[in-house]
Amino acid sequence: MSNEEIPRGEAALLQKAREKFLATFGRQPTAAAGAPGRLNLIGDHIDYCEGFVLPAALPFLTLVVGASNNSTECNVVSVLSSGEVVSASFPAPTTSTALKPGPPAWTNYVKGVVANFPGEVPGFDAVIVTDVPMGSGLSSSAAVEVSVFSFLEALTGTKVGLVEKAKLCQKAEHEFPGMPCGIMDQYIVTMGKKDHALLIDCRSLEAEQIPLDLGDLAILVTNSNVKHQLTGSEYPQRRAQCQEAADRLGLPSLRGARIEDLEKLKAQNCDDLVLKRARHVIEETRMTVEATKAMKEKDFRRVGELFYQSHESLSHLMEVSCPELDQIVDIMRGVPGVLGARMTGGGFGGCVVTLVKKSDLDDVKQHVLSQYKGKPTFFVCQPSDGARILKL
Ligand code: ADP
Ligand code: MG
């Protein structure tokens, strides 16, 4: 296996999806849509606290093709990034029959979107293909949700506003896979723009496109290729701990909290873990805003410092890193050309994002390969467009 993760490109994925659809259903698809994975540059475990986040959409895509089938059944085949093919059938929702979550787990990401689609959904046949790495903190989950949603828009002719679409896909993830995620993933996957990152205010839901003009620098992504299966309750637990801190402060979310408020929490003898989570959210929100300003001013040294500080906060305060991610960040420290590194995404595995001089990219990768005990893969982040309906 090569160490480089290379996007297959929209045209190649579309061809693959069309061929699979013809082979499976014996006819041509009539509608197609795609949605990308995403990379969060800074601001993790913040969106559900209504803070600021700075993600970018990636050239890795999940793509859906399909057609109505004049029945009340939805038949979906998904070719996963591993090459494994999975398939499922479920009834199209009607006024009298609601869709319900249930195994196999992957189907909930599709059914949740079908159930929350604002227009009437007919029976359909569909094929999903993807090159978004799954479970790597690059949001294959939002990519599949938003691509299915966009496919349903193309199939039914229903047009939904971008903010509404992101919110409905988030609702789908809450209700069907049962993951209480924030709004970041569905937002960037819907609204990403080539060569830009998106500063999202997760309270007002206003967003600003930030040109990602890095000059002689690049954003290197190192995939640790580990995903620790913990109990599955870690994310909801973090969310609940943050909400407890906000409740104790009499705030709707930690967005309104300031560093001085930690003293108020201490005075209430609040649990040490709750205190640590609150400190992370307050610091990480500030660092996201500061990193965005530094990027605009092209003060990339500062951006790099903030990457390292953000990693420390995620590792020691939020406690969502893992030995492999900590090790990769440690390996990056002090290597010529490296300005900063941090884990990205929900954590417990997945990727590290590193700001590095383009001329040092190969040396940095070699250094990681020689030091890191696992099997890392790499790609350079090329910010790309968000979800789109495709012509067939
Ligand atoms: P991440 O979003 O970081 O990749 P998640 O655990 O949130 O990781 O979501 C991964 C899950 O989403 C997969 O285990 C699978 O159930 C579902 N999923 C993602 N992409 C696809 C796809 N193309 N086809 C079917 N299911 C998918
Ligand atoms: Mg996800």
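Every number for a ligand or one of its atoms is a count from 1 in the order of the listing.
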Can you pull out the closest protein heavy atom to [atom]? Residue, atom name and distance to 0.1 Å, please.
{"atom": "atom 8 (O) of ligand 1", "result": "Gly135 CA, 3.5 Å"}
{"atom": "atom 22 (C) of ligand 1", "result": "Ser78 OG, 3.6 Å"}
{"atom": "atom 9 (O) of ligand 1", "result": "Ser141 CB, 3.4 Å"}
{"atom": "atom 27 (C) of ligand 1", "result": "Met134 CE, 3.8 Å"}
{"atom": "atom 19 (C) of ligand 1", "result": "Ser140 OG, 3.3 Å"}

Give me the atom names and distance for the closest heavy-atom approach of Ala341 to Val352.
CB-CG1, 4.1 Å

At a 4.0 Å cut-off, with the gap strictly under it, does some heavy atom of Gly345 reach an atom of ligand 1?
no

Mind checking the CG-NE2 spacing from Leu275 to His280? Nearest 0.5 Å is all I need.
14.0 Å

One finds that the ligand 1 atoms under 4.0 Å from a non-hydrogen atom of Thr130 are 23 (N)

Counting from 1 in the order shown, the ligand 1 atoms closer than 4.0 Å to a non-hydrogen atom of Leu138 are 3 (O)

The Mg ion (ligand 2) to Ser141: any N/O/S contact under 2.8 Å?
yes

Of Trp106, Tyr109, Tyr235, the one whose closest heavy atom lies nearest atom 6 (O) of ligand 1 is Tyr109

For atom 3 (O) of ligand 1, which candidate among Gly37, Ser147, Gly137 holds the nearest heavy atom?
Gly137

salt_bridge([X], [Y]) N-O dist < 4.0 Å:
{"X": "Lys111", "Y": "Glu145", "result": "no"}
{"X": "Glu153", "Y": "Lys165", "result": "yes"}
{"X": "Lys167", "Y": "Glu164", "result": "no"}

Of the options Glu284, Glu305, Glu312, which is the one that meets Arg342 in a salt bridge (Lys or Arg N to Asp or Glu O under 4.0 Å)?
Glu284

Between the side chain of Asp131 and the main-chain N/O of Pro7, is any donor-acceptor distance below 3.5 Å?
no

Could you tell me whether Lys264 atom NZ has more than 12 heavy atoms of other residues or ligands within 6.0 Å of it?
no

Could you see which bit of Leu80 sits under 4.0 Å from ligand 1, with heavy atoms only: side chain, backbone, both or neither?
side chain

